[in-house]
Number of protein chains: 2
Amino acid sequence: MQEPSGRPVTIAQVARDAGVSIPTVSRVLNGSAPVAEETRRRVDASIERLGYHPNPMARGLSRGLSDVVLVILPNITQPSVNLRLAGLISVLRETPYELTLVDLEHPDSERKRHLADIVARHHAAATVIISLPPSTADTLQLLRQAAPVVLVDVRSDAFPGDGIDDIAGGMIATRHLLGLGHRRIGFVGDAEDRFIGNPASANRRHGYEQVLFDAGIDIRPDDIALAPHGMDTAKAAALDLLDRSDRPTAVFAASDVQAFGVMDAARSLGLDVPGDVSVVGFDDIVTARLVGLTTVRQHLEVSGVRAGLRLLELLGQPLPFEMPEFPELELVTRSTTASPGDAHPIRSMAAALTGAAASEKEVSTAFDPAFGRDERIPRRK
Amino acid sequence: MQEPSGRPVTIAQVARDAGVSIPTVSRVLNGSAPVAEETRRRVDASIERLGYHPNPMARGLSRGLSDVVLVILPNITQPSVNLRLAGLISVLRETPYELTLVDLEHPDSERKRHLADIVARHHAAATVIISLPPSTADTLQLLRQAAPVVLVDVRSDAFPGDGIDDIAGGMIATRHLLGLGHRRIGFVGDAEDRFIGNPASANRRHGYEQVLFDAGIDIRPDDIALAPHGMDTAKAAALDLLDRSDRPTAVFAASDVQAFGVMDAARSLGLDVPGDVSVVGFDDIVTARLVGLTTVRQHLEVSGVRAGLRLLELLGQPLPFEMPEFPELELVTRSTTASPGDAHPIRSMAAALTGAAASEKEVSTAFDPAFGRDERIPRRK
DNA sequence: GTTGTCGGTGAAAGCGGTTTCAGTCCGCTG
DNA sequence: CAGCGGACTGAAACCGCTTTCACCGACAAC
C-alpha cells in the first residue's frame, strides 16, 4: 500500500523488493510454474506492500493476446441495445476479460466506419457486434482475422449469433389482434435502407402480412406507414394512418418505441387506446411494462448473456453458468389491446398508465431489467 | 487488404514490404519526424496493401501510456447512468481514446470492489467514475496515482466533477407543489447506508424539508417513506404513505424511477394522478416524458459531456467543442401535478399517458435522448 | 574550405511483462 | 556411488512499437 506516487510499480521493483528474479514474480502471479512456499510468501508480501498491479498492456503484448472484448453497437441509449449489453456485461463480469465499448451512434451515416476496420484496429481477443449487420465486405474481412466474432440480434451464416425469428414475432402480434376481432390492422415500422439496416422491422412486417393473407384479409397499402426508427417519427407516420375516418382499428408497431409513437399519435387525435385503437409493440423494453403496452417479448438481456457465453466457448474459457433457456418470443398482453368496440376508456387509460399488473401475464426471470430491481440492497439488516 | 490470415500484420512486415526500416514506418504512422515524400508513399502503400493496424498494446507499452479511459459505473441499465455515459461517449468519440467499461451493478454488495483497486488494475490513461462516491480510502489511493480522475454526479473536493445541487432541486420540486396549493406533501426516497451511497436522495429531502419548514408547515414523519432505490420498492413504500384516509395530497419522489413506483401505488389504490395525488419526480429521464411526469430536470447527458471535456483538459488534449452551458436544474411541468381537488380525471389520465405536449414547457437541447431522436437517418434522400 | 544545421534514415535500447532454456540442489533408484 | 528426475530459480530472448542516438549527405554560413 505504499506506492511511492507517480509511476506505477513494475514487476522489477517487486522482484528487487522480494529479493528474487523477475520470472519468479511472474510465476507467483500466474501460477505458471512451481514456486517455493517461502519464496511465494515473500513475493506476495512485496506485491501487497508496494501495491503492485501488473500492466495489462505489457502482459497482453507478451502473451500475444489481449484480454479485451470489443463490443460494437449502434446506440447505447436505445433500450433494447442497452439491455442486450447489460446481459453481456453480466457474463463478462465473471471472467478475466475487459469490455471496450464502441458506440457508433449513427452507424450508417456516410458508412465510413467499417465494422471490420474497427475490429482490426483494436486487436481485441474477441468481438461482439450488437444489432448491426456486417456488410459482405466486413464479413469477409472479419472472417480473415483470428479473433472470434459473435453477433447479437443479427443472424448470419458466417458468425455465431442469435437473432430471433422476427417473422414469427410479427405473426404472433398480428394473430393476437386478429383473435380480438380486428380486421383492419395497420403497421408502423422502419423505413430504411435495407442494405445497411437491420432487417428486423421488415421481417416483422412480413409476418404481419403473412397472417393477414392467410386470414383472407386484403392489406391496404395505406394501412402501412414507414418512417425512420424513433418515437417521434413513428408518431408522425401513425398520424397519417389514424387521421382518417376509415382508419384501422388496431396497429402493430415494429418496436415498442414506435408503439409509443403510435399511442402518442392516437392521443393527439383524441383516440382512446385501446377503445378506439389497439396497439401492439415489439421487444418488451422496460418502459412497455410501465405504460402497459401489449407487446411481443423477446428476452433482450438473455440475448446478451448468450452471446457472452458463446464467446467464452470460442475463447476456450470455462462457462460461469449454463446457457439459459428461454422461450424465444411470447406475447405479453397488457392494456393497449382490446376487441374493437370493447372500450372501457377510463379504466383502460388508468390501467395503461401503470401497466395493470392484474391483466398481465408476467414471466419472472433471472434477468429482470433495472426498473424492477433494487439497485441498492440495504446492508446488515 | 491482403492480410494473409492468422496473425495480425506487424510493423516489421510493413517495413520489409516497403523496403525501409521499422522506425521509418513508425514515423509515417505518427508523423513524429520528417519522412521523404517518396518514402512515405511507399510505406502508405504497404500499409494499405497489407491491411496493417498498429497494435495498441505495443504502442501503449512503448509510449508508457495507454489510450483507454476507464469508466466505472453502478449499473448501466439505470436510465440516468445510461444517459450520462452516452454524453461521455459522444465526447470520447471525437478523440483517440478508447472506452473501457466496468459495471459494478451491485457496488456496495460486500463492498469488496474497491474503486481504487479497479483503477489501479487497469493502468488507464484516465478514469471517469459515474454516480459512485469514492470512499476516503479510495480517494487517498486514487490521488496517489498519476492518471486523472473525473467524477460524474458526485461532488468531491479531491476530484473534478459536477454534482448538481440536490438541495436546490428538492426545493424546486417542493415549491412547485406548494405553489399549487398542497399543504400535505409526502416524500419517497432512498433508504440507504449513507457511508456508501450517493447522498442525492438525502439532499433532495433536505431541500424538501427546508421549503416546508420555511412555509411553516410541520413535517409529519409518516409522510416520509424510504426504501431501497427501485420502482417496486418505491411502490411498496408509497403504499404505506397513500393507503390512509389522511394521506398527503402530493408526493415528491427523489427520482423519476421512484415516482413511477408512487404512480403505480396510487393506481393500485384507485387514486387518480393528479386528481387525488400529485406526483413530482427528479431527473427527467426519457420515460418521464413518455408518461407525462412532472419532474425536476437535470441534464444527465450533459453531465457526461462535461466530464469528457474536463477529462480531455486534464489530459492536455484539444477540446472537440465548447463546454456546454445549461441551466443546472429546471422544473418540467407535465401532467402528474395539479392543485388539490383540481382533477379532470379522464383528461389528465389521457394526457399522462403520452406526455401532453401542449401543457409542457419543453426545452430543446443538442442532447436529446434516444427516444426523441431518429436512430436511422435515411440516406440519399 | 571548414563548420554548422537540417532533412532523412537505421541500429539499438527500452517499455513491462511471459516464456524458453539452462542450470542448481535434492532425494531416489539401481 | 553414479545416475536420474523433479522442484525451484535466473539469464536471456521476445512480444510490437516508440524513441533516442548516430550517421550521412546537402546546403548555408563564416
Side-chain angles (χ1 to χ4, degrees), chain A residues 3 6-44 46-47 50-68 96 120-125 146-147, chain B residues 3 6-44 46-47 50-68 96 120-125 146-147:
Chain A
E3 203 154 342
R7 308 269 124 267
V9 184
T10 71
I11 198 173
Q13 297 176 44
V14 174
R16 192 174 328 120
D17 184 84
V20 299
S21 71
I22 290 178
T24 296
V25 177
S26 177
R27 285 175 193 121
V28 171
L29 250 30
N30 308 301
S32 48
V35 174
E37 188 50 34
E38 156 65 9
T39 310
R40 177 195 315 286
R41 238 193 305 278
R42 281 216 315 285
V43 172
D44 279 338
S46 294
I47 288 175
L50 300 177
Y52 168 71
H53 292 278
N55 181 326
M57 291 184 294
R59 187 200 287 259
L61 216 215
S62 182
R63 290 214 273 235
L65 40 79
S66 89
D67 65 341
V68 343
R121 223 188 312 286
H122 280 78
H123 291 241
Chain B
E3 205 155 339
R7 306 271 123 266
V9 184
T10 71
I11 198 174
Q13 296 176 43
V14 174
R16 192 173 331 120
D17 184 83
V20 299
S21 71
I22 290 178
T24 297
V25 178
S26 176
R27 286 175 192 119
V28 172
L29 250 31
N30 308 302
S32 48
V35 173
E37 188 52 33
E38 155 65 8
T39 310
R40 178 196 314 287
R41 237 194 305 279
R42 281 217 315 284
V43 172
D44 278 338
S46 294
I47 287 175
L50 300 176
Y52 169 71
H53 292 277
N55 182 326
M57 291 184 294
R59 187 200 286 259
L61 217 217
S62 182
R63 288 214 274 235
L65 40 78
S66 90
D67 65 342
V68 342
R121 221 188 314 285
H122 281 79
H123 291 240

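Chain naming here is simple, since letters A, B, ... match the order of the sequence lines and numbering starts at 1 in each.
The shortest distance between side-chain heavy atoms of A:Asp67 and A:Pro96 does not fall below 4.5 Å.
Going from atom CZ of A:Arg63 over to atom P of C:dT18 covers 6 Å, rounded to whole Å. C:dT18 atom C1' lies 13 Å from atom CE of B:Met57, rounded to whole Å. For the pair B:His123 NE2 and C:dG17 P, the computed distance is 7 Å after rounding to whole Å. Following rounding to the nearest Å, A:Asn55 (CG) and C:dG17 (P) show an atom-to-atom distance of 6 Å. The CG-C1' distance, from A:Leu29 to C:dG17, rounds to 9 Å in whole Å. Rounded to whole Å, the distance from CG on A:Leu65 to P on C:dT18 is 12 Å.
Residue contacts shown for A:Ser26 include a base, since a base heavy atom lies under 4.0 Å away.
Side chain of B:His53 to main chain of B:Pro8: no donor-acceptor pair is present (N/O by atom type, distance under 3.5 Å, no hydrogens or angles).
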Please list, one pair per line, the donor and acceptor atoms closer than 3.5 Å that link side chains of residues 26-36 of chain A to other protein atoms, with sequence neighbours excluded.
unit_1, atom_1, unit_2, atom_2, d
A:Ser26, OG, A:Asn30, ND2, 3.3
A:Asn30, OD1, A:Arg59, NH1, 3.0
A:Asn30, ND2, A:Ser26, O, 2.9

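Shortest non-hydrogen contact noted between A:Pro54 and B:His123 is O-NE2, 3.5 Å. Taking both residues in full, the closest heavy atoms of B:Val25 and B:Val20 are given as CG2-CG2, 3.8 Å, listed atom of the first, atom of the second, then distance. In terms of heavy-atom proximity, B:Thr10 sits nearest to B:Tyr52 at C-CE1, 3.5 Å. B:Ala147 and B:Ala125 make their closest contact through CB-O, 3.4 Å (heavy atoms, listed as atom of the first residue, atom of the second, distance).
The overall bend of the helix from C:dG1-D:dC30 to C:dG30-D:dC1, read as the angle between its terminal helix axes built from five base pairs each, is 60° when rounded to 10 degrees.
Interatomic distance, A:Ile22 CD1 to A:Arg16 CZ, rounded to the nearest 0.5 Å: 8.5 Å. Here B:Leu50 contributes atom CG and B:Asp17 contributes atom CG; the two are 4.5 Å apart, rounded to the nearest 0.5 Å. For the atom pair CE of A:Met57 and CG of B:Leu65, the computed distance is 7.5 Å after rounding to the nearest 0.5 Å. Here the OG1 atom belonging to B:Thr24 is positioned 9.5 Å from the CD1 atom belonging to B:Ile11, to the nearest 0.5 angstrom.
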Shorter than 3.5 Å, N or O on both sides, protein versus nucleotides 10-14 of chain C: list them out with atom names.
unit_1, atom_1, unit_2, atom_2, d
C:dG10, OP2, B:Ser21, N, 2.9
C:dG10, OP2, B:Ser21, OG, 2.7
C:dG10, OP2, B:Thr24, OG1, 2.6
C:dG10, O5', B:Ser21, OG, 3.4
C:dG10, N7, B:Arg27, NH1, 3.3
C:dG10, O6, B:Arg27, NH2, 2.5
C:dG14, N2, B:Ser62, OG, 3.0

Atom pairs under 3.5 Å, N or O on each side, protein against nucleotides 22-27 of chain C: can you list them with distances?
none

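Protein chain A touches strand DNA chain D; the 5'-most and 3'-most nucleotides with an atom under 4.0 angstrom of its non-hydrogen atoms are D:dC8 to D:dG16.
Interface residues of residues 31-41 of chain A facing DNA chain D, ordered by number: A:Pro34, A:Val35, A:Ala36, A:Thr39; criterion, heavy-atom separation under 4.0 Å.
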